[in-house]
Participant: 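The structure's right below; bear with me while I get my questions together.
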Amino acid sequence: MSTQETTAPRVAVVTGGSRGIGRETVARLAADGYAVVVGYAGNRDLAEAAVKDVTAAGGRAVAVRADVADEAQVAELFGTAAREFGGVDVVVHAAGRMYLAPIAELDLAELDAMHRTNIRGTFVVARQAARTLRRGGSFIAFSTSVVGLAFPAYGAYSASKGAVEAMTMVLARELRGRDVTVNAVAPGPTATDLFLDGKDEQTVAALAAQPPLERLGTPADIAEVVAFLASPAGHWVNGQVVRANGGIV
Ligand SMILES: NC(=O)c1ccc[n+]([C@@H]2O[C@H](COP(=O)([O-])OP(=O)(O)OC[C@H]3O[C@@H](n4cnc5c(N)ncnc54)[C@H](OP(=O)(O)O)[C@@H]3O)[C@@H](O)[C@H]2O)c1
């Protein structure tokens, strides 16, 4: 291995990097020295703000608009990582959406749109990651603790994340011999737009009281778990779903 290879900064692609858990992960990985490609769907200003925070702290980042379900846009996301930073070591696939409704009342257009992002999007990003990740790398997907908690109204969302968990297990085995880990993080209730939007104060307080640690998760709680899984220290964790949720059952 050349000196350049040993000293070159590692490179991360973070989907959903404009907001919430993804945005915090961008900052956390940049603080660890990664050059970061910040993926986003529509909030260009927020994605550019995430980039500005990284560069102001002396790091390297670039924002790329890419619908995770669109294979050409995702190819361009990874192409940017290759052109700007020389390759990809870590993919954090945090992009996702949530639509809640009892199954009897499901709007099937909403269900299709959510599954397009959460299921197809995960396959499109994972496919590109599987083709691209360098040795020593990691792919980190996002599930949810609701897969186990089975809250009413979460059926369609939970099903989309069940698909993510199933895919994670298979991809970890398909990458045998590549020295690449594949895991999913399954947060519990975490204070982001995705969780807070449309919930009244009482509902939020009731959910915050559920874990033994008696609070909502923060994006920083989850970004720490991601940073560990991405790091050499976390490399023996492979093919797992990590339920980071303050102990909610
Ligand atoms: N927050 C929780 O309580 C919680 C709990 C369990 C699991 N999760 C999972 O954790 C992940 C991060 O969630 P979050 O709470 O941080 O969500 P969030 O704050 O709502 O942010 C969602 C992010 O995903 C991006 N995005 C949405 N649809 C996209 C698409 N089609 N293509 C590309 N990017 C897209 C958004 O980009 P724009 O800003 O451009 O729209 C945004 O950056 C999700 O997979 C979520 O399901 C969250």
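Atoms within a ligand are numbered from 1 in the order they appear, just like the ligands themselves. The analysis underlying the following values was restricted to heavy atoms, covering all of them including side chains, and did not include hydrogens, waters or symmetry mates. Owing to the predicted nature of the structure, the values given are computational and were not obtained by experimental measurement.
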Participant: Under a heavy-atom criterion of less than 4.0 Å, does Arg116 contact ligand 1?
Facilitator: no
Participant: Any carboxylate oxygen within less than 4.0 angstrom of a Lys/Arg side-chain nitrogen, looking at Arg127 and Glu174?
Facilitator: no
Participant: Look at the side chain of Thr117 and the backbone N and O of Arg97, then say whether any donor-acceptor pair between them is shorter than 3.5 Å.
Facilitator: no
Participant: Have a look at ligand 1 and work out which part of Arg97, if any, has a heavy atom under 4.0 Å from it: side chain, backbone, both or neither.
Facilitator: neither
Participant: In the protein, what heavy atom is nearest to atom 7 (C) of ligand 1, and what distance, to one decimal place, separates them?
Facilitator: Ser143 O, 3.1 Å
Participant: At the 4.0 Å heavy-atom cut-off, does Asp67 count as touching ligand 1?
Facilitator: yes
Participant: Give me the residue, atom name and distance of the protein heavy atom closest to atom 25 (C) of ligand 1.
Facilitator: Gly16 CA, 3.7 Å
Participant: For Gly188, take its heavy atoms, then give the atoms of ligand 1 lying under 4.0 Å from any of them.
Facilitator: 3 (O), 5 (C)
Participant: Checking contacts here: is it the side chain or the backbone of Ala191 that comes within 4.0 Å of ligand 1, counting heavy atoms only? Could be both or neither.
Facilitator: neither
Participant: Nearest protein heavy-atom contact for atom 29 (C) of ligand 1: which residue, which atom, what distance?
Facilitator: Ala41 CB, 3.6 Å
Participant: Assess whether a salt bridge exists between Asp32 and Arg28, defined as any Lys/Arg side-chain N lying under 4.0 Å from an Asp/Glu carboxylate O.
Facilitator: yes
Participant: How far is atom 3 (O) of ligand 1 from its nearest protein heavy atom, and which residue and atom name does that atom have?
Facilitator: Thr190 N, 2.9 Å
Participant: For Glu76, is there an ion pair with Arg83 - N to carboxylate O distance below 4.0 angstrom?
Facilitator: yes
Participant: Run the numbers on Val68 and Val124 for side-chain contact (heavy atoms from CB on, under 4.5 Å), then give the verdict.
Facilitator: CA-CA 7 Å; Val68 291; Val124 172; over 6 Å; no
Participant: Which ligand 1 atoms, with their elements, are less than 4.0 angstrom from a heavy-atom of Tyr157?
Facilitator: 6 (C), 7 (C), 8 (N), 9 (C), 46 (C), 47 (O)
Participant: Ignoring hydrogens, just give me the one of Ala113, Gly96, Ser160 whose non-hydrogen atom is nearest atom 22 (C) of ligand 1.
Facilitator: Gly96
Participant: For atom 48 (C) of ligand 1, which protein heavy atom lies nearest, and how many Å away is it?
Facilitator: Leu194 CD2, 3.8 Å
Participant: Side chains of Arg65 and Tyr40: is there a donor and an acceptor less than 3.5 Å apart?
Facilitator: no
Participant: If I compare all heavy atoms of Gly247 with all of Pro212, which pair ends up nearest, and what's the gap?
Facilitator: O-CD, 3.2 Å
Participant: Can you name the atoms of ligand 1, numbered from 1 with element, that are less than 4.0 Å from a heavy atom of Pro187?
Facilitator: 5 (C), 6 (C), 7 (C)
Participant: Examine Thr144 against ligand 1 and note whether any of their N/O atoms are separated by less than 3.5 Å.
Facilitator: no
Participant: Among all the protein's non-hydrogen atoms, which is closest to atom 14 (P) of ligand 1, and how far away is it?
Facilitator: Thr192 OG1, 3.6 Å
Participant: Are Arg215 and Asp221 ion-paired here, with the side-chain N under 4.0 Å from a carboxylate O?
Facilitator: yes
Participant: Judging by distance only, is a nitrogen or oxygen of Phe142 under 3.5 angstrom from one on ligand 1?
Facilitator: no
Participant: List ligand 1 atoms under 4.0 Å from Tyr40, heavy atoms only on the residue side.
Facilitator: 40 (O)
Participant: Can a donor-acceptor pair be found, under 3.5 Å and without considering hydrogens, that links the side chain of Asn238 to the backbone of Val182?
Facilitator: yes
Participant: Are Val237 and Val226 in one and the same hydrophobic cluster, where Ile, Leu, Val, Met, Phe, Trp and Tyr link if side-chain heavy atoms are under 4.5 Å apart?
Facilitator: yes
Participant: Of Val13, Thr181, Val91, which is the lone residue that meets side-chain contact (heavy atoms from CB on, under 4.5 Å) with Leu133?
Facilitator: Val91
Participant: Using the rule that two of Ile, Leu, Val, Met, Phe, Trp, Tyr join whenever any of their side-chain heavy atoms come within less than 4.5 Å, decide whether Val51 and Val90 are in one cluster.
Facilitator: yes
Participant: Out of all atoms in ligand 1, which are within 4.0 Å of some heavy atom of Gly20? Include the element for each.
Facilitator: 16 (O), 19 (O)
Participant: In terms of atom number and element, which parts of ligand 1 are under 4.0 angstrom from non-hydrogen atoms of Pro189?
Facilitator: 3 (O)
Participant: Any luck finding a side-chain donor-acceptor pair between His115 and Ser160 under 3.5 Å?
Facilitator: no
Participant: Looking at atom 21 (O) of ligand 1, what's its closest protein heavy atom, distance included?
Facilitator: Arg19 CB, 3.8 Å
Participant: To which of Ala69, Ala94, Gly42 does the heavy atom nearest atom 44 (C) of ligand 1 belong?
Facilitator: Ala94
Participant: Can you tell me which residue and heavy atom of the protein come closest to atom 37 (O) of ligand 1, and the distance to 0.1 Å?
Facilitator: Ser18 OG, 3.3 Å
Participant: Is it true that Thr117 lies under 4.0 Å from ligand 1, counting heavy atoms only?
Facilitator: yes
Participant: Would you tell me whether Ser145 and Asn245 have side-chain atoms, one donor and one acceptor, within less than 3.5 Å of each other?
Facilitator: yes
Participant: Heavy-atom distances under 4.0 Å decide this one: backbone, side chain, both or neither, for Ala66 against ligand 1?
Facilitator: backbone
